Every structure is written in C-alpha cells, then in structure tokens.
Protein chains: 2
Amino acid sequence: MKLGDGVEQAIHSVGMLAGLSEGGVLSAAALAEFHGVSTSYLLKHLQSLSSAGIVATVPGPKGGYRLARPTDKITLLDIVLAVEGPQPAFRCAEIRQRGPNPLPGRYFTKPCGINAAMLKAEKVYRAELAKTTIADIRGDLAATDDGGIAARGCAFLELNERKTAAR
Amino acid sequence: MKLGDGVEQAIHSVGMLAGLSEGGVLSAAALAEFHGVSTSYLLKHLQSLSSAGIVATVPGPKGGYRLARPTDKITLLDIVLAVEGPQPAFRCAEIRQRGPNPLPGRYFTKPCGINAAMLKAEKVYRAELAKTTIADIRGDLAATDDGGIAARGCAFLELNERKTAAR
DNA sequence: GCGGAAATACTCGGATATTCCGTGTCCGAGTAGACCTGG
DNA sequence: CCAGGTCTACTCGGACACGGAATATCCGAGTATTTCCGC
C-alpha cells in the first residue's frame, strides 16, 4: 500500500502552476529544478496530467505548462487518478473460485462481500480526495503562511515564468 | 497505489477460520490448498496475523491456526494493517523544502496542506474499513448464498478441521 | 503406566524470481525566433 | 534595406533501457508439541 512519489510532485507542480499569471507558462525543467526532483520523472507525470486534461502545454521555445482549468475545478483526486491510474488499490483475484474442487461460476455472479467492502472504503477515500481542490490548498497556505513561502514562489516565478504571445 | 495479493488471501483465510467449531484448528497447508495459493506466501501473512494477535497458533501435530478473538472483534482494517503495515500510503517527502535556495525549516513547522488533505482521506478510508467486521462479511455471505458456497466450505472443514484436546 | 524417539507443524531466516518504481537517454514533432539570401 | 524562406534552438511527447526496491515464491534449519512405541 504505497503511493508513488510522483503524486506529491504532481500536486506541488500543479500548485506552482496555479501561481502564474494569465498567459504565462512554466517549463518542466524549471518545475523540476524548483522542487529538486528528477526532470525526466516529473516530465512523465506532467504528461499524464496533460493527457488527463488537467494541465495544457504550449510547444516550442518559450513553451511550457499551464493549468487547463481554474484551480477550483481541479481536485486532488483528479491528480491522483491521473498519476497513479484509475485502478482501485484492492484487486479481487477471486481466490474463492480457485483451489481444488472449484464451484461453477454461476455461484459467483455477485462480487464477494470482501471485495464490496474494500471497494466501498476506497470509494469514500476518493470522495474525500475529491472534496479538496487546488484552490483550497492555496487558500489554506495563504492563511497560514507568514509570507516567506509565498515570497520564494513569487521570486521563482519572476525568474522563470514565460509569457506567451496571445491565446 | 496497489494492495498486495496477501491482503485478499489473509481476509479469506480469516473468514475460513471463522467457520470452524469451538476448539478446532486448521493448518496453514490446508488453508493454502483450499484457496489455491502458495503455502509459503500465505504462511508469511499468517505469521503477521499471528503477531498482530488476530489469529492464534497451536504448534505440533494436530496443530494449526484458529482465531484469537470473536469474529465481531476483527475488522478488515485490523487485517489490512497487519499484512500491509501501518504506514500511510501517502508519504510526504517535503519537497517544498528541497530544490535550490531552500527556506529555513522554521517556515515549515506545520505539515503542508497537501499532506494534511491526503492523510485525512486515508483516515476516512481506514475508518470505513474499521466499520466492517468478519462477522459482517459472514452475515452478508449467508444472506446471499443459496447454500452452495457454504456447503463447499463445510465439506472442506469436515475433512481438514482438527480438534485440539483442550485449551 | 511411563519415558523417550519420531513425526508433525509452526517459526524464522535466507535465497530466488518477478514486478513495479524511479531515473536517464534517445528520437520525433512542432513552433518561435534567428539567420540567411535574393531582390 | 527589406521580405521571404530556411535553419536552428528549444519545447513537449513518447519509447526504450537500466538499476534498485518491493513483492511474491520457495527452501531449509530450528523448535515445540503430540503421538506412538518399547519397556
């Protein structure tokens, strides 16, 4: 039971992208450098986020990433699913049906109670994640930050943000 | 984000142990054979369950495993934690503090909002798992089963259950 | 009836294979800006 | 000098390769307990 490191990186990256101004983009290299993580690895997840329609890309020089939707329309669940895949953590292998003398399949038309219970738990887990948006995260941060953290982010954006022509 | 196969095996094994009569035990080999899984691997998880105080062991010939508590005192969470370990799935690596020009640690006394949100989701996940006991699972099964599944289980127990002398 | 040997079953540790994660590298596609060439 | 095309640099997108960690599997040695046999 473990979530990959990519989830954390992806969420922080989205949070950073949320801070740039209208029409601005950030390159994957800048994102990776700011967080001190591997560029290749972050790139992989950014591409997942891109496929999922969470971030949008601007190709070419002066290109990079920006958010594809407003921050209050991006939930933690969206990001987790994009990075980790949509499969539930508990995969029922139906070991009920294995072993010697297996019963015919018609006895197992309904998913077993164990599977149902595990999936239900996962459902509430996801529902909880879906409650929190990037806007919420940024709101909380702004409320508790004394200014230092935001200042560092802004300074970095000053240096690395790129304005794209139009759009 | 994946739970090991051992979780399913462990839950089913506990469910099977719940079916034996007072004073009866089942060997690990029998459990593994019934579910059609590797004996050694199941053994590993049974030992985890044993360490966690969920099942009890009886050594020697005619020995085996039995439940250590009544079925309504064993939750799915107990089993998942025993098999997968107590660590949360989301481990915050504090990448906020990484990268060039990191801020001093005093800016990060509070866990970041991302971590808090992820852990909160995991908390409700576990709470949901804790709501379901083995007794519930067995009750649901009995309610939906037309008799075939229970019959197979009973037949197997007939063959493999062992009565231990006393206590 | 009693004591000891043998058999059985769990416990623990290590060894091996398979899968997944994290990382790096390479090549392809597309675009913006620079450069070069011709008038 | 200017306009147009071309060329290059830089970006993302995707595939592949590799090492290492975690998972899944297996095997053997050790220990405890019951059973059984011999006395």
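Numbers restart at 1 for each chain; the letters A, B, ... are given by sequence-line order, proteins then strands. From a predicted model like this one, the values you see are computed outputs, not experimental measurements.
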Spacing of Lys2(A) atom NZ relative to dA22(D) atom P, expressed in whole Å: 8 Å
Does Lys123(B) have any salt bridge (Lys or Arg N to Asp or Glu O under 4.0 Å) partners at least two apart in sequence or in another chain, and if so, which? none
Check the distance between dT23(C)'s C1' and Asp5(A)'s CG and give it to me in whole angstrom. 12 Å
Applying side-chain hydrogen bond (donor to acceptor under 3.5 Å, both in side chains) to Ser51(B) and not counting sequence neighbours gives none
Whichever of Ser38(A) and Ser50(B) has its nearest DNA chain C nucleotide further upstream toward 5': Ser50(B)
Rounded distance in Å - CG (Leu26(B)) to P (dA9(C)): 11 Å
Residue set satisfying salt bridge (Lys or Arg N to Asp or Glu O under 4.0 Å) with Asp5(B), at least two apart, ordered chain then number -> Lys2(B)
Any salt bridge between Asp78(B) and Arg69(B), counting N to O under 4.0 Å? yes
Expected string for nucleotides 13-19 of chain C under the B/S/- scheme (protein heavy atoms, under 4.0 Å, primed atoms plus P, OP1, OP2 as sugar-phosphate) is -------
Would you mind reading off the distance between Leu3(A) atom CG and dA22(D) atom C1', rounded to a whole angstrom? 15 Å
Check each residue of residues 27-34 of chain A for a non-hydrogen atom within less than 4.0 Å of any atom in DNA chain D, then write out the ones that pass by number, or none. Ser27(A), Ala28(A)
Do Thr132(B) and Lys120(A) have a side chain donor and acceptor closer than 3.5 Å? no
Contacts of Lys62(A) that satisfy salt bridge (Lys or Arg N to Asp or Glu O under 4.0 Å) - sequence neighbours left out: none
N or O in side chain of Tyr41(B) less than 4.0 angstrom from dC27(D) OP1/OP2: no
Test: ring pair (Phe, Tyr, Trp, His ring centres under 6.0 Å). Region: residues 135-157 of chain B. Which pairs qualify, not counting sequence neighbours? Phe34(B)-Phe156(B)
Across all chains, not counting sequence neighbours, the salt bridge (Lys or Arg N to Asp or Glu O under 4.0 Å) partners of Glu94(B) are Arg96(B)
The contact string for nucleotides 25-33 of chain C, one letter per nucleotide 5' to 3', using protein heavy atoms under 4.0 Å with B, S and - for base, sugar-phosphate only and none, comes out as B----BBB-
So, is Thr39(A) near the phosphate of dG24(C), with a side-chain N or O under 4.0 Å from OP1 or OP2? no
Whole angstroms only, please: what is the OH-P distance between Tyr65(B) and dT8(C)? 18 Å
Provide, to the nearest angstrom, the distance between the CG atom belonging to Leu46(B) and the P atom belonging to dA9(C). 15 Å
Does a side-chain N or O from Arg162(B) land closer than 4.0 Å to OP1 or OP2 of dA9(C), or not? yes
Leu42(B) has an atom CG; how far is it from atom C1' of dT25(D), in whole Å? 12 Å
Taking NZ, NE, NH1 and NH2 as the nitrogens, is one of them in Glu128(B) or Arg126(B) under 4.0 Å from a carboxylate oxygen of the other? no
The criterion is side-chain hydrogen bond (donor to acceptor under 3.5 Å, both in side chains); which residues satisfy it with Arg91(A), sequence neighbours excluded? Gln87(A)
Tyr125(A): ring pair (Phe, Tyr, Trp, His ring centres under 6.0 Å) partners, not counting sequence neighbours: Tyr125(B)
Could you list the residues that satisfy side-chain contact (heavy atoms from CB on, under 4.5 Å) with Pro70(B), not counting sequence neighbours? Asp72(B), Lys73(B)
Measure the distance from CD on Glu8(A) to C1' on dC21(C) and round it to the nearest whole Å. 15 Å
Has Thr57(B) got a side-chain N or O lying under 4.0 Å from the OP1 or OP2 atom of dA9(C)? no
